[in-house]
Amino acid sequence: MKNSNNDQMRIGVIGMGPVGATLAAHFVEAGAFLVACDVDPKKIDTIKKKGIILKNVIEKQVKVENACYSVQEMEMYDLDLVVIAVKTTALKKVVRALGEIKTDKMYVMCAQNGIDNEQEAANIFGEDKTLRMVVNFAGNLSNPNMVHVSFFNPPNYLAALMPQGAETAEKVTALLNSVGMGTEIPEDIQDYVWEKAILNAALSAVCAITRRTMKDVMSFPQTLELVEAIVDESARVAEVEGIELGKKFRRFCIQYLKNAGHHRPSMLVDLENGLRTEIDQLNGKIVEYGRKHYLPTPLNQSVTALIHLLEYSPDE
């Protein structure tokens with residue numbers, strides 16, 4: 001059910017990659033006032049002309065009335081919420097820019113992979129104005145305005161860091177649920193932040209290093225064994241950090257990852273395009289928390305080092 005104009009939520013989404021574009025399309029369908037933002041002019045120009053198209057697991061096509069090329073341009077729209085869906089490598093820059101246009105009513109929500117992303121936003125906006133989302137869908141851009149959605153394993157999870165943001169979290173959740181983007185507000189969002197981070201850490205780096213899809217890696221016995229070992233090592237770190245993952249976590253992870261099909265994770269795509277990856281927010285964070293608790297993490301350290309080597313340019 002769409003919102004009436006009287007209570008229409010004004011939402012900006014920064015980053016028109018697979019996550020941002022998918023969320024933006026659902027917000028438009030739910031009746032929110034939506035502003036799409038991306039620094040890539042080709043994406044924005046195409047979205048302005050042709051809207052956002054979702055294909056495969058999710059099929060949608062929506063028209064986008066408002067789109068801009070920079071965070072600074074978003075100031076004119078008097079937004080209630082800004083969703084950050086850029087790569088975590090750009091997070092600090094985006095949050096700083098948002099800090100220059102923030103208003104008393106503006107909330108910010110991080111919707112990226114990785115651990116502790118929301119703290120970057122909270123440093124500028126305060127924890128009372130910050131939300132965190134964990135998405136359980138993935139895809140690749142097949143055109144500047146088109147996402148091939150590889151899978152959606154509902155629900156997504158979304159929560160405010162402090163009680164002051166609870167009403168905003170409930171409104172956003174209701175919008176997404178009204179158009180089939182199943183989303184829940186959990187008791188502790190950090191359990192799901194870590195769960196998703198471990199899922200990504202277990203497979204994304206291995207796919208990137210080997211240049212293989214998720215299905216390729218999960219179907220080959222030796223790499224499947226490696227993925228299981230990374231899950232186990234990461235889960236031990238989460239446990240000492242006080243994260244609740246459940247007794248059947250390993251089984252859940254392997255089943256989840258086997259269902260991903262021939263998806264090419266963003267870490268693989270980034271390496272192929274010569275871009276920095278999100279390795280430090282995934283495996284690197286698990287290494288960091290392992291050191292905090294004097295817990296060795298040799299597998300996470302190894303794949304982090306290998307990804308950094310693949311990113312490395314002797315000219316830098």
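Along the sequence shown, the residues carry numbers beginning at 1. Please read these numbers as outputs of a predicted model, since none were measured by experiment.
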Task: Asp40 backbone acceptor or donor facing Asp38 side chain under 3.5 Å - done: yes
Task: Lys/Arg-Asp/Glu bridge criterion (N-O < 4.0 Å) met for Glu288, Lys285 - done: yes
TODO: Evaluate the ring planes of Tyr157 and Tyr192, with Trp represented by its six-membered ring, and classify them as parallel (under 30°), tilted (30 to 60°) or perpendicular (over 60°).
DONE: parallel
Open item on the list: Looking at every heavy atom in both Ala25 and Leu54, which two are closest together, and how far apart are they?
Closed with: CB-CD1, 3.9 Å
Task: Rounded distance [0.5 Å steps], CZ in Arg211 versus CG in Leu310 - done: 5.5 Å
TODO: Before giving the answer on ring pair (Phe, Tyr, Trp, His ring centres under 6.0 Å), spell out for Tyr289 and Trp194 the whole-Å C-alpha distance, their side-chain angles and the decisive distance to 0.1 Å.
DONE: CA-CA 11 Å; Tyr289 274 92; Trp194 275 78; 5.1 Å; yes
Task: Expected output: side-chain Ser234 to main-chain Val231 donor-acceptor under 3.5 Å - done: no
Task: From Leu257, Val206, Ile254, residue fulfilling side-chain contact (heavy atoms from CB on, under 4.5 Å) relative to Leu224 - done: Ile254
Task: Shortest non-hydrogen contact from Pro155 toward Asn136 - done: O-ND2, 2.6 Å
Open item on the list: Any side-chain to backbone donor/acceptor pair from Ser142 onto Asn140? Under 3.5 Å, distance only.
Closed with: no
Task: Spatial distance of atom OG (Ser70) from atom CD (Glu75) [nearest 0.5 Å] - done: 10.0 Å
Open item on the list: Donor-acceptor pair, distance only, cut-off 3.5 Å: does the side chain of Glu73 make one with the backbone of Tyr69?
Closed with: yes
- [ ] Go through the steps to decide whether Val13 and Met16 satisfy the test side chain to side chain contact (heavy atoms under 4.5 Å, CB included), and finish with yes or no.
- [x] CA-CA 8 Å; Val13 179; Met16 288 294 105; 3.5 Å; yes
- [ ] Kindly say whether Val287 contributes a backbone atom to a donor-acceptor pair with the side chain of Asn300 at under 3.5 angstrom?
- [x] no
Task: Cys37 to Ile44 - nearest heavy-atom pair and separation - done: C-CD1, 4.0 Å
Task: Closest contact, heavy atoms only, Leu175 versus Ala32 - done: CD1-CB, 4.2 Å
Task: By side chain to side chain contact (heavy atoms under 4.5 Å, CB included) - contacts of Lys102 (at least two apart) - done: Met106, Phe125
- [ ] Decide, yes or no, whether a salt bridge links Lys48 with Glu65 under the criterion of side-chain N to carboxylate O below 4.0 Å.
- [x] no
Open item on the list: Show the nearest heavy-atom pair for residues Cys207 and Val217, with the distance to one decimal.
Closed with: SG-CG2, 3.8 Å
TODO: Only one of Asn117, Val71, Leu91, Val19 passes side-chain contact (heavy atoms from CB on, under 4.5 Å) with Ile84; say which it is.
DONE: Leu91
TODO: Would you mind reporting whether Met74 and Cys68 have side-chain heavy atoms less than 4.5 Å apart?
DONE: yes
Open item on the list: My understanding is that only one of Lys129, Lys105, Arg10, Lys171 makes a salt bridge (charged side-chain N to carboxylate O under 4.0 Å, His left out) with Asp80; could you say which?
Closed with: Lys105
Task: Residue pair Leu199, Leu203: steps toward the side chain to side chain contact (heavy atoms under 4.5 Å, CB included) verdict - done: CA-CA 7 Å; Leu199 285 166; Leu203 190 51; over 6 Å; no
Open item on the list: Less than 4.5 Å apart, side chain to side chain, heavy atoms only: is that true for Ile209 and Ile307?
Closed with: yes
- [ ] Check for a donor-acceptor pair, side chain of Arg132 on one end and backbone N or O of Gln190 on the other, with a separation under 3.5 Å.
- [x] no
Task: For the student: nearest non-hydrogen atoms of Met267 and Ala205, plus distance - done: SD-CA, 3.7 Å
Open item on the list: Please check if the number of heavy atoms outside Glu59 that lie under 6.0 Å from its CD is greater than 12.
Closed with: yes
Task: Side-chain donor or acceptor of Glu233 paired with backbone N/O of Leu299 under 3.5 Å - done: yes
Open item on the list: Check whether Asn200 reaches the backbone of Lys196 with its side chain - one donor and one acceptor, N or O, closer than 3.5 Å.
Closed with: yes
Task: Spatial distance of atom CG (Asp280) from atom CD (Glu278) [nearest 0.5 Å] - done: 10.5 Å
Open item on the list: I'd like to know if the side chain of Asn145 and the backbone of Gly51 have a donor-acceptor N/O pair within less than 3.5 Å.
Closed with: yes
Open item on the list: Using modelled atom types and a 3.5 Å cut-off, is there a donor and acceptor pairing between side-chain atoms of Asp216 and backbone atoms of Thr213?
Closed with: yes
